[in-house]
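Written below as C-alpha cells is the structure these notes are about.
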Amino acid sequence: MPVLEVRDLYKKYDKADVLKGINFTLEKGEVLVIIGSSGSGKTTLLRCLNFLETPDKGKILLDGKEIFNAEKESREYEKELRQKRLHFGLVFQQFNLFPQYNIFDNICLAPLLLAKERPDYKVNKKEIKASIEKRALELLERVGLADRKDAYPCELSGGQQQRVAIARALALSPDILCFDEPTSALDPELTGEVLKVIKSLKSSDSTMIVVTHEMEFARNVADKVIFMADGIIEEVGTPDEVFGNPKSPKTKNFLSNAFNN
C-alpha cells in the first residue's frame, strides 16, 4: 500500500487554474523529485499537501486513510489542521527560522508547544522536555551543527540556516518530509552542503518529496521523478526514464534548457 496517494487534485487562484488534476502515489522510503519551470504548480502542490492551501477538488490519502476530501471538507479548526500538518514536514526556500531564538530553541519550539497539549504534560514535564532536547541535539549532530547549538540564525551562513531548517522539520517526525527548492536562496558554494544533508537522509525509513532545480542532484537522489508543466503531470518515471529517455516534447525541451544553462 502506498504511504501517500494524491487523487485528482485541483487548485485555482481567482481565475487562474494552478493544479489541473494531479494524480500520483508514493511508497514508504521513496524519494520523489518534482521538476518543472516556474509557474508549473510545484510549490502549490507542496502547499496543498502540507495544508497551507486547501485544494478545490480531490483527495489525499495517507497509508490508505483519507485525510482530505474536498467534497467533505468544511471549515476546520486550527487544531485539526495542525494534526494533519504533522504528517508532512516542510523545508522552505527562505529557511523561516525564528531570529529571536538560537538554533537549539528553534528546533525545540514546535515539539514543546505540541507536547503541552498532551494530557500527561504537567505530570511528566521534565521527562518530556528532556526527551525533546535530546532529540534536538541528535538532529543538530546529524546535520553537522551540534557545536553551534547556541548560535542565532543571523550568525550562520545560508547553508547552515537551511540545515537547521531541515533539523527543525525532522523534529516532529513527519511521515513525509517535503523540500521546496531548498537551495534556491543559497550561493552556489553553499548549495552542495545542503544537498549532501538531504542525500544523507535517504533511507528505507525516510520518505521525501523534493522540488528542486538541481538536475544532477535530482538524477542522483530520486527514486521517482515527476515533471510538471502548466499545472499537470506531464511525465513521470525513474530518473533513467525521465532524464535518459524523456517521451514528452515539453520534458525534452525543459531538460535541454536546464542542462545547457
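Just so we're clear, the structure is a prediction, and the values are computed from it rather than from any experiment.
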Notebook entry, point to check: Out of curiosity, Leu145 CG to Leu139 CG, how far, rounded to the nearest 0.5 Å?
Noted result: 11.5 Å
Notebook entry, point to check: Counting only N and O atoms by type, is there a donor-acceptor contact under 3.5 Å from the side chain of Asp14 to the main-chain atoms of Ala16?
Noted result: no
Notebook entry, point to check: Quick one: CD on Gln94 to CG on Leu186, what's the gap to the nearest 0.5 Å?
Noted result: 9.0 Å
Note to self: Would you say that Asn96 contacts Arg168 through its side chain, given a criterion of any heavy-atom pair below 4.5 Å between the two side chains?
What the structure shows: yes
Margin query: I'd like to know if Arg163 pairs up with Glu193 as an ion pair, taking the criterion as any Lys NZ or Arg NE/NH1/NH2 lying under 4.0 Å from an Asp or Glu carboxylate oxygen.
Written below: yes
Check: Tell me, do Leu19 and Pro55 make a side-chain contact under 4.5 Å, heavy atoms counted?
Finding: no
Check: Is the side chain of Glu53 donor-acceptor paired with the backbone N or O of Thr44 at a distance under 3.5 Å, no angle test?
Finding: no
Check: Run the side-chain contact (heavy atoms from CB on, under 4.5 Å) check on Phe88 and Leu90 step by step: do they pass?
Finding: CA-CA 6 Å; Phe88 299 88; Leu90 180 58; over 6 Å; no
Item checked: Check: Leu86 and Gln83 side chains under 4.5 Å, non-hydrogen atoms -> yes
Notebook entry, point to check: Does any non-hydrogen side-chain atom of Arg135 lie less than 4.5 Å from one of Pro111?
Noted result: no
Next item on the list: Please say whether more than 12 non-hydrogen atoms of neighbouring residues, nucleotides or ligands are located less than 6.0 Å from OH in Tyr121.
Entry: yes
Margin query: Between Leu170 and Leu201, is the side-chain contact (heavy atoms from CB on, under 4.5 Å) condition met? List the steps.
Written below: CA-CA 10 Å; Leu170 288 169; Leu201 298 177; 3.9 Å; yes
Notebook entry, point to check: Are side-chain heavy atoms of Val225 and Phe243 found at a separation under 4.5 Å?
Noted result: yes
Item checked: Ala169 to Leu177 - nearest heavy-atom pair and separation -> CB-CD1, 3.6 Å
Next item on the list: Taking Asn253 for its side chain and Pro249 for its backbone only, find out whether a donor-acceptor pair lies under 3.5 Å.
Entry: no
Check: Is there a donor-acceptor pair under 3.5 Å between the side chain of Gln93 and the backbone N or O of Ala185?
Finding: no
Notebook entry, point to check: Should Phe95 and Leu156 count as side-chain neighbours, where that means a heavy-atom distance under 4.5 Å?
Noted result: no
Item checked: Carboxylate-amine/guanidinium proximity below 4.0 Å for Arg47 and Asp180 -> no
Note to self: Quick check against the 3.5 Å criterion: does Asn106 have a side-chain atom that pairs as donor or acceptor with the backbone of Asn102?
What the structure shows: yes
Notebook entry, point to check: So, Lys247 side chain and Glu235 main chain: donor-acceptor pair closer than 3.5 Å or not?
Noted result: no
Next item on the list: List the atom of Lys42, the atom of Gly36, and the distance in Å for their closest heavy-atom pair.
Entry: NZ-O, 2.9 Å
Check: Is a side-chain donor or acceptor of Lys59 paired with a backbone partner of Glu66 at a separation under 3.5 angstrom?
Finding: no
Note to self: Between Thr25 and Lys224, does the side-chain contact (heavy atoms from CB on, under 4.5 Å) criterion hold? Intermediate values first, please.
What the structure shows: CA-CA 10 Å; Thr25 62; Lys224 183 187 295 182; 3.9 Å; yes
Notebook entry, point to check: So, does Ser200 use its side chain to make a donor-acceptor pair with the main chain of Val197 at under 3.5 Å?
Noted result: yes
Checklist line | salt_bridge(Arg219, Glu216) N-O dist < 4.0 Å | finding: yes
Next item on the list: Working to the nearest 0.5 Å, report the span between CG of Leu52 and OG1 of Thr43.
Entry: 11.0 Å
Margin query: Nearest 0.5 angstrom please: Phe179 CZ to Ile198 CD1, how far?
Written below: 4.5 Å
Item checked: Salt-bridge present (Asp120, Arg118; N to O < 4.0 Å) -> yes
Next item on the list: Taking Ser40 for its side chain and Gly231 for its backbone only, find out whether a donor-acceptor pair lies under 3.5 Å.
Entry: no
Check: Closest heavy-atom contact between Thr212 and Ile35?
Finding: O-CG2, 3.7 Å
Next item on the list: Take Tyr101 and Leu109 through the side-chain contact (heavy atoms from CB on, under 4.5 Å) test and state the conclusion after the steps.
Entry: CA-CA 9 Å; Tyr101 298 119; Leu109 183 62; 3.9 Å; yes
Notebook entry, point to check: For Gln161 and Leu97, which heavy atoms make the closest approach, and how far apart are they?
Noted result: O-CD1, 3.7 Å
Notebook entry, point to check: So which heavy atom on Cys178 is nearest to which on Leu46, and how close?
Noted result: CB-CD2, 3.9 Å
Check: Do the non-hydrogen side-chain atoms of His213 and Thr183 ever get within less than 4.5 Å of each other?
Finding: yes
Next item on the list: Measure the spacing between OH of Tyr10 and CG of Asp17 and express it to the nearest 0.5 Å.
Entry: 9.0 Å
Note to self: Quick one, His87 and Phe51 - any side-chain contact, counting heavy atoms below 4.5 Å?
What the structure shows: no
Item checked: Minimum-distance pair of heavy atoms, taken over all atoms of Gly64 and Glu5 -> CA-OE2, 4.4 Å
Item checked: Separation of Leu140 CG from Ile103 CD1 (nearest 0.5 Å) -> 5.0 Å
Notebook entry, point to check: Any sub-3.5 Å donor-acceptor pair from Asn23's side-chain atoms to Asp8's backbone N or O?
Noted result: yes
